[in-house]
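First up is the structure itself, then whatever we jot down about it.
Chain letters run A, B, ... following the sequence lines, proteins first and then strands; every chain starts at 1.
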Protein chains: 4
Amino acid sequence: MQLGIVGLGRMGGNIARRLTKAGHACVVWDRNEGAVNELASEGNTGASDLAGLVKALDAPRVVWVMLPSGAPTEATISELGTLLSAGDIIIDGGNSFYKDDIRRAASLKEKGISYIDVGTSGGVWGLERGYCMMIGGDKAAVDHVDPILATLAPGLGDIPRTPGRDGRDPRVEQGYMHCGPAGSGHFVKMVHNGVEYGLMQAYAEGFDILKHKDSTELPENERFSLDMADIAEVWRRGSVVSSWLLDLSAIALAQNETLSNFSGEVADSGEGRWTVMAAVEEAVSAEVLSAALYSRFRSRQDHTFGEKLLSAMRFQFGGHVEKKSGS
Amino acid sequence: MQLGIVGLGRMGGNIARRLTKAGHACVVWDRNEGAVNELASEGNTGASDLAGLVKALDAPRVVWVMLPSGAPTEATISELGTLLSAGDIIIDGGNSFYKDDIRRAASLKEKGISYIDVGTSGGVWGLERGYCMMIGGDKAAVDHVDPILATLAPGLGDIPRTPGRDGRDPRVEQGYMHCGPAGSGHFVKMVHNGVEYGLMQAYAEGFDILKHKDSTELPENERFSLDMADIAEVWRRGSVVSSWLLDLSAIALAQNETLSNFSGEVADSGEGRWTVMAAVEEAVSAEVLSAALYSRFRSRQDHTFGEKLLSAMRFQFGGHVEKKSGS
Amino acid sequence: MQLGIVGLGRMGGNIARRLTKAGHACVVWDRNEGAVNELASEGNTGASDLAGLVKALDAPRVVWVMLPSGAPTEATISELGTLLSAGDIIIDGGNSFYKDDIRRAASLKEKGISYIDVGTSGGVWGLERGYCMMIGGDKAAVDHVDPILATLAPGLGDIPRTPGRDGRDPRVEQGYMHCGPAGSGHFVKMVHNGVEYGLMQAYAEGFDILKHKDSTELPENERFSLDMADIAEVWRRGSVVSSWLLDLSAIALAQNETLSNFSGEVADSGEGRWTVMAAVEEAVSAEVLSAALYSRFRSRQDHTFGEKLLSAMRFQFGGHVEKKSGS
Amino acid sequence: MQLGIVGLGRMGGNIARRLTKAGHACVVWDRNEGAVNELASEGNTGASDLAGLVKALDAPRVVWVMLPSGAPTEATISELGTLLSAGDIIIDGGNSFYKDDIRRAASLKEKGISYIDVGTSGGVWGLERGYCMMIGGDKAAVDHVDPILATLAPGLGDIPRTPGRDGRDPRVEQGYMHCGPAGSGHFVKMVHNGVEYGLMQAYAEGFDILKHKDSTELPENERFSLDMADIAEVWRRGSVVSSWLLDLSAIALAQNETLSNFSGEVADSGEGRWTVMAAVEEAVSAEVLSAALYSRFRSRQDHTFGEKLLSAMRFQFGGHVEKKSGS
């Protein structure tokens, strides 16, 4: 089927490629003309602006917005709201905050425009592996764009099937799920990322404990010098902790066992933060997901004011003189 | 090759079966005579006591102890120390604390007996999938028992190979690893279990947040009623959080989406606790692994004394009257 | 000076009493007529509605709103915005979210009305001890109401003076502080409550560890049966952990050492949650304040869905059968 | 009464001074001859070695050991065990691990020597304020040394008495407590320090959140530039979070509001670690006390291996290139 795509970065461009390859017709636009030309040379129709993209589509139009969350996505969807007509569909495939989805869907509904939010996982591997998609929106709209979703999804592949799923929605096994009304797709994707932080931190702490087993603070006969790359590899093979993140860790450690090519300053994105806030709003205890987020915050600090206050208190009550700043 | 096996529970019995099937000769003993007879009927040689098992083996003897950690393992290894001779090998395949391994290995070394500790992951799936093994001990002894380890290991299977491992120990890709001296095998397995706790808790918290998204405490237009079984399934397919533990979660949720067949009182075993203690000894921050352990502790409590103290303080400073006990 | 007070609950009523006693003239109103009459009988002027309260005040009018945060406060301040005139001052003494203060102050400023937010700590002890106040708003307005703030504050009392404060704002030593623009008072009070949660949880965990030192899971010669009330008392006297919260704990434990009169279900209010959210917004690691909040969430749950998922995974990979629901 | 004191560092020396001032007779020894001479010049009897100290005492002898925990304390108590006789008493006033106390007490009991462990809080302020003491040992021995304990304790002072303590052990209000058998004194002191870590971290996080409220990552109208020294001061006055640690924070912040004289690398001692291990042994959830300890561990690291692993995973799945090491 026909689809407009706005935003031709790594994700948007690869989505266009995966769709075109499967016979769908993509009309593409990006503020970066070079990206448009590149995709046009690969069999897509390039547009020169957003209005042009809308014009090039047949009604009911479907436009997939694949832009950085926040202002860029907001502005584009707002403008699309004025360019599109009743019956058309906007898909936000980025990483929007789900409350923004709820607000946008309600506002667009007044004009008869449907809004679908698609949380997409798979990263740079998606072009090849397919994208795991969590989708929110009205049933009719989601059903209408099913051919696109089915193409983007990874499909059954060689992943073993879960027993006991007979009678359940078959799309889920293909790697895409209609989660509920607008916002629910990005909500499920948000929690997915929160879980991702937790899983990553669990491995990080485990390898830290393994790595420091050669610490000279330990009794000499209790020290081991362990091979990080081999441990990651052996855990991939029959152990309880095998996972895709462990596969990736094994690749990285095989390349450079000390990981000396990384600084250890770890970025975080909105989803990890929003997951903690969602837990707080729901009064759900989320120790691990919060600790994983905080660990990233701390990784980007030198020494915190709080830590200096600890030293200051220790000096006050015990006369403990700790390492001085700059000394 | 020939192997003595002491302890024919689920793990020990399946290890004997997997070995016998591959042509190894097992002499087996267990204090439960029925278990011995069952294994004997499957082609193994049954012994009537530990001394008998030792006598039935050719020197250099190799005895695999597969008993509950703590007293049962300690007593058996101690007795084997008196029954075996210089050149023989004891393998502890259970879940011993690695400091016990270090002590035992030093003590047995004085008699010329080698001690190997094997941390084994794979649970009830091991008979079929093979066991992921983390091994500590002297090189000569570990090399001597390689035929047994190679048989028990899962092998390459259809798990994709990690690029960049050329020139590295090929056993690791087969699913078993010689980690270092005695104790290092159980140490790596211990941290493996600590990581396992962290991974499990990350999923648990994520699904808790998803589940409570229908809470009546939330604004009505921000509530979603989400399908737990489908979310677990869709995340298995192309997402960043796919793992074997997620596969198992998907199976459990497909069987019973509310998990009403579980009480939520979660047991913990030594390894999770020892991992936290190891982190403390090494001065490594292990927020997530600790939080995962504490969450299990808390799951087995009704209300803690600490929580009552919180209520008591709130009453004292604010006159807050909280739900009374028994009311 | 003259002050209007809206909301005559425990806090509002006591504020009126403390002010009247010091010679200030309070005009009071509450939707509960009985509360108005009671305060009127104690020397305050009662009003029959909000408009009447405003009419009874001389310009520039000052109205202290002391209502539950959220809808009641919002509605009253909104109505006051229509009843008051340029030059008048609204004080929100409740527990509003500081972002609401920022919004309200900006909106009222267009009408020339000043808005002051006062975060108040001291609980039921405030009438006697005075109230610790954290204040946000324009300097001119805060200075104008200084006589009221000075009366409500605890004053120097017999708390030792901190050395090195010469030349600093003397109001702070009296127990009230102009923190910055509108919202900053409630922000500082919010973090105060976040810290309060953390302090309380630190004591709670410590006493839990002391209490469980008689656990039969411990080796018999390592068990102690400790006296909780005496420990709280002795720590009050010369130890590093002495505090007002410990004083209150000692009172509660002296009354009932097992705290059997408390259920252990601990409520939380907005400030603890907002503090965690503020930390996340600022990318500040707040492990302890979050853990303290989560502990309260968990205290109000029976068994969580997440915990059941842990049990379900353990059953799947290890065949571990844990206590069944309802059994 | 007469007392031998071994170890004349800051704590031991001040204890001798406080006792001598009150009329007790101290025989003192330290491997540092200068410290012995200094105390001798202040009215104590100096000994030239441990044997000399023992000889200078009348039976039943009482020896207070005030040395660094671990090897120095262990060696001295071991030697005292050979120098003293049945009926004599050894007091360990240092920071020994309580399981060492249990072991030592049992061993000395065979010789008829009593062992008392005294956990002491109060730091450098103890000479003036008195020492809060938590005491383990047999009743008879503890009663025998009561005159010394009573002198070292702070006494009632001007700390308000807790209502409802009639009929309870009056020593507790004087600031010293007989907690139970040998080891229990150091156990209670150990948990005291664990709580201390938690309290300190709660303040540290709170002030970190306050400090970062001027972050340029926040919307401009939501930023506040707050005065740390004034906030610490105002919280001392009538608020719920007032405490001695807050008093000390206020002093430190009044001296240097940015705490630029501290590096933020925070040491930890055995008690904080042992408290976490005790919680794990008892299966008590201790999130806050653990997080406080881990925060200190992390404060002394540059970037952890675990954090580099997080970056490595992010690069693998998302192509995220984070700040490179050394760049």
*Of the listed residues (B/Glu217, B/Met200, B/Glu173, B/Glu196), which shares the most heavy-atom pairs with chain A below a 4.5 Å separation?*
B/Glu173
*What distance do A/Asp208 atom CG and B/Glu282 atom CD have between them, rounded to the nearest 0.5 Å?*
8.5 Å
*With a 4.5 Å cut-off on heavy-atom pairs, point out which of A/Asp158, A/Val241, A/Val191 contacts chain B the most.*
A/Val241
*Please identify each residue that fulfils side chain to side chain donor-acceptor pair (under 3.5 Å) with B/Ser243, with sequence neighbours left out.*
B/Tyr203
*Considering all heavy atoms of both residues, which atom of A/Arg171 and which atom of A/Val142 are nearest to each other, and what is their separation?*
NH1-CG1, 4.1 Å
*Non-hydrogen atoms of chain B under 4.5 Å away: do they reach the side chain of A/Ala252, the backbone, both or neither?*
neither
*Of the non-hydrogen atoms in A/Ala286 and B/Ile209, which two are nearest, and what is the gap between them?*
CB-CD1, 4.3 Å
_Closest non-hydrogen atom pair, B/Met177 against A/Asp227_ = CE-O, 3.7 Å
*asked:* Which label fits B/Tyr98 and B/Phe187: parallel for a plane angle under 30°, tilted from 30 to 60°, or perpendicular past 60°?
replied: perpendicular
_Less than 4.5 Å to any heavy atom of chain A: does that hold for the side chain of B/Ala106, its backbone, both, or neither?_
neither
*Among B/Pro160, B/Ala204, B/Gly136, residue most engaged with chain A (heavy-atom pairs, under 4.5 Å)*: B/Pro160
*Is there any side-chain hydrogen bond (donor to acceptor under 3.5 Å, both in side chains) pair reaching into residues 229-239 of chain A, and which pairs are they, with sequence neighbours excluded?*
A/Asp230-B/Arg165, A/Asp230-B/Arg168, A/Glu233-A/Arg236, A/Glu233-A/Arg237, A/Glu233-B/Thr162, A/Arg236-A/Asp247, A/Arg236-B/Thr162, A/Ser239-B/His192
*How close do B/Pro163 and A/Ala254 get, heavy atom to heavy atom, and via which atoms?*
O-CB, 3.7 Å
*Checking heavy atoms, do the side chain of A/Val284, its backbone, both or neither come under 4.5 Å from chain B?*
side chain
*Who wins among A/Gly183, A/Gly130, A/Ala278 for the most heavy-atom pairs under 4.5 Å with chain B?*
A/Gly183
*asked:* Report which part of A/Tyr176 has an atom under 4.5 Å of a heavy atom belonging to chain B: side chain, backbone, both, or neither.
replied: backbone
_Please identify, among B/Ile251, B/Val240, B/Leu156, B/Asn193, the residue contributing the most non-hydrogen atom pairs under 4.5 Å to chain A._
B/Val240
_Can you tell me which of A/Leu199, A/Asp169, A/Leu245 forms the most heavy-atom pairs within a distance under 4.5 Å of chain B?_
A/Leu199
*Under 4.5 Å, heavy atom to heavy atom: which of residues 288-298 of chain B reach chain A? Give them by number, or say none.*
B/Val288, B/Leu289, B/Ala291, B/Ala292
*Could you look at A/Ala232 and say if it's the side chain, the backbone, both or neither that has a heavy atom under 4.5 Å from chain B?*
neither
*In terms of side-chain heavy atoms, does A/Glu271 have a donor or acceptor partner in A/Ser269 at a distance below 3.5 Å?*
yes
*So which of B/Val188, B/Asn221, B/Thr275 has the biggest tally of heavy-atom pairs under 4.5 Å with chain A?*
B/Val188
_Under 4.5 Å from any heavy atom of chain A, what part of B/Leu246 do you find: side chain, backbone, both or neither?_
neither
_A/Lys189 portion near chain B, given a 4.5 angstrom heavy-atom threshold_ = neither
_Choice from A/Lys213, A/Gln201, A/Met134 maximising heavy atom contacts with chain B below 4.5 Å_ = A/Lys213
*Below 4.5 Å from any heavy atom of chain B, which atoms of A/Leu218 appear? Answer side chain, backbone, both or neither.*
side chain
*Output yes when a side-chain donor or acceptor of B/Glu222 lies under 3.5 Å from a complementary backbone atom of B/Pro219, and no otherwise.*
no
*asked:* For B/Lys211, give me all partners under side chain to side chain donor-acceptor pair (under 3.5 Å), at least two apart in sequence or on another chain.
replied: none
*Sort B/Ala105 into side chain, backbone, both or neither according to what part of it lies under 4.5 angstrom from a heavy atom of chain A.*
neither
*Looking only at non-hydrogen atoms, find the nearest pair between B/Arg129 and B/Arg18 and report the distance.*
C-NH1, 4.1 Å
_Counting only non-hydrogen atoms closer than 4.5 Å, does A/Leu248 touch chain B with its backbone (N, CA, C, O), its side chain (CB onward), both, or neither?_
neither
*Tell me, for A/Ile102 versus chain B, whether the close heavy atoms (under 4.5 Å) come from the side chain, the backbone, both or neither.*
side chain
*Is it true that a side-chain atom of B/His178 and a backbone atom of B/Gly185 form a donor plus acceptor pair closer than 3.5 Å?*
no
*Measuring from A/Trp244:CH2 to A/Ser121:OG, what's the distance to the nearest 0.5 Å?*
7.0 Å
_Under 4.5 Å from any heavy atom of chain B - which part of A/Thr120_ = neither
*Distance in Å, B/Leu210 CG paired with B/His212 NE2, rounded so as to fall on 0.5 Å steps*: 10.5 Å
_Using heavy-atom distances under 4.5 Å, tell me whether A/Gln255 contacts chain B through its side chain, its backbone, both, or neither._
neither
*asked:* Using heavy-atom distances under 4.5 Å, tell me whether A/Met190 contacts chain B through its side chain, its backbone, both, or neither.
replied: neither
_Residue pair A/Leu226 / A/Glu257: nearest heavy atoms and the distance that separates them_ = O-OE2, 4.0 Å
*When heavy-atom pairs shorter than 4.5 Å are enumerated against chain A, which of B/Gly198, B/Ala250, B/Gly238, B/Ser285 gives the highest number?*
B/Gly238
*From B/Glu281 CD over to B/Trp274 CH2, what is the distance, rounded to the nearest 0.5 angstrom?*
13.0 Å
*If you tally heavy-atom pairs under 4.5 Å against chain B, which of A/Ser242, A/Gly157, A/Ser215 wins?*
A/Ser242
*Report the option among B/Ser184, B/Gly164, B/Gly175, B/Pro154 that has the most heavy-atom pairs separated by less than 4.5 Å from atoms of chain A.*
B/Ser184
_Using side-chain heavy atoms (C-beta onward) and a distance below 4.5 Å, is A/Met11 in contact with A/Tyr131?_
yes
